[in-house]
Amino acid sequence: MLPKKERLCSRILIERLFTGGSKSLPAFPLRIVYMPVEGEGLPTVTMMVSVSKKRFKRAVKRNRVKRQIREAYRKQKDILLEPLLASGKKLAIAFIWLDNELHGSAEVNVKVKRLLQLTAERIVL
């Protein structure tokens with residue numbers, strides 16, 4: 001379960017994340033969009049998951065994909081947290097689903113892990 005404080009809910013932050021000043025990395029069937037943020041009350045990482053209705057018409061499938069991504073992130077978020085805590089930076093990230101097909105949880109885990117590793121490498125530099 002992802003704690004409420006780690007969820008990206010702020011409309012202002014979400015708009016800034018998608019309009020400009022952010023970077024993205026693809027790892028099909030996922031893409032991560034991330035942006036450094038400043039703020040006293042913010043946690044180290046806030047995240048959101050987006051699965052378009054264009055990709056899956058049925059909410060059951062969209063919810064399944066979101067659940068898979070959140071679970072994969074929850075298991076592997078330390079990959080991203082440790083470098084951020086060491087550098088004192090904070091991050092807002094969004095995972096976006098790019099495919100019209102459902103994928104297995106093992107494959108989603110691998111892709112989320114790769115995206116988190118790439119993001120951690122880029123943030124540290």
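All figures in this text were calculated on a predicted structure; none of them were measured in a lab. Note: hydrogens, waters and symmetry copies are ignored here, and every other heavy atom, side chains too, is used.
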Do you know the tightest heavy-atom contact between N109 and K75?
-> ND2-NZ, 4.5 Å
Indicate the ring-plane relationship of H103 and F28, choosing parallel, tilted or perpendicular according to the 30° and 60° boundaries.
-> perpendicular
Donor-acceptor contact present, side-chain S22 to main-chain L17, <3.5 Å = yes
Kindly say whether F56 contributes a backbone atom to a donor-acceptor pair with the side chain of R62 at under 3.5 angstrom?
-> yes
Should V108 and M47 be counted in the same cluster of Ile, Leu, Val, Met, Phe, Trp and Tyr side chains packed under 4.5 Å apart?
-> yes
K23 side chain reached by R122 side chain, heavy atoms, under 4.5 Å | no
Examine distances only and state if a side-chain atom of K90 and a backbone atom of P43 form a donor-acceptor pair shorter than 3.5 Å.
-> no
May I ask whether L2 and I93 are part of the same hydrophobic cluster, defined by side-chain heavy atoms of I, L, V, M, F, W, Y residues being less than 4.5 angstrom apart, directly or through others?
-> yes
Out of curiosity, does V112 fall in the hydrophobic cluster containing V51 (side-chain heavy atoms, cut-off under 4.5 Å, transitive links)?
-> yes
Enter the distance from F95:CZ to I69:CD1 here, rounded to the nearest 0.5 Å.
-> 7.5 Å
Look up atom CD1 in I96 and atom OG in S52, then write down how far apart they are to the nearest 0.5 Å.
-> 10.0 Å
From CZ (R67) to CZ (R70), nearest 0.5 Å | 8.0 Å
Given L42 and V37, is the side-chain contact (heavy atoms from CB on, under 4.5 Å) satisfied, shown in steps?
-> CA-CA 9 Å; L42 291 173; V37 291; 3.9 Å; yes
ILVMFWY cluster, V65 and V110 together (side-chain gap under 4.5 Å) | no
Side chains of L25 and Y34 in contact at under 4.5 Å (non-hydrogen atoms) | yes
Closest non-hydrogen atom pair, Q68 against G104 = NE2-C, 3.7 Å
What are the two closest non-hydrogen atoms of D99 and R55, and how far apart are they?
-> O-CD, 3.5 Å
K66 side chain to S50 main-chain N or O, any donor-acceptor pair under 3.5 Å?
-> no
Near R7 CZ, under 6.0 Å, is it more than 12 heavy atoms from other residues, nucleotides or ligands?
-> yes
Gap between atom CG of L91 and atom CD1 of I123 - 0.5 Å precision = 4.5 Å
Main-chain N/O of L115 paired with T119 side-chain donor or acceptor, under 3.5 Å = yes
If you look at every heavy atom in A27 and R114, which pair is closest and at what distance?
-> CB-NH1, 4.3 Å
Close side-chain approach of F18 and L13, heavy atoms under 4.5 Å | no
Within one Ile-Leu-Val-Met-Phe-Trp-Tyr cluster: Y73 and L8, side-chain cutoff 4.5 Å = no
Output side-chain donor-acceptor pairs under 3.5 Å for residues 76-84, partner residues at least two apart or in another chain, one line each.
unit_1: Q76; atom_1: OE1; unit_2: K113; atom_2: N; d: 3.3
unit_1: K77; atom_1: NZ; unit_2: E6; atom_2: OE1; d: 2.9
unit_1: K77; atom_1: NZ; unit_2: E6; atom_2: OE2; d: 3.2

To the nearest 0.5 Å, tell me how far K5 NZ sits from T46 OG1.
-> 12.0 Å
Side-chain touch S10/E15, heavy atoms, less than 4.5 angstrom | no
Atom pair CD1 (I32) and NZ (K111), whose distance is rounded to the nearest 0.5 Å | 14.0 Å
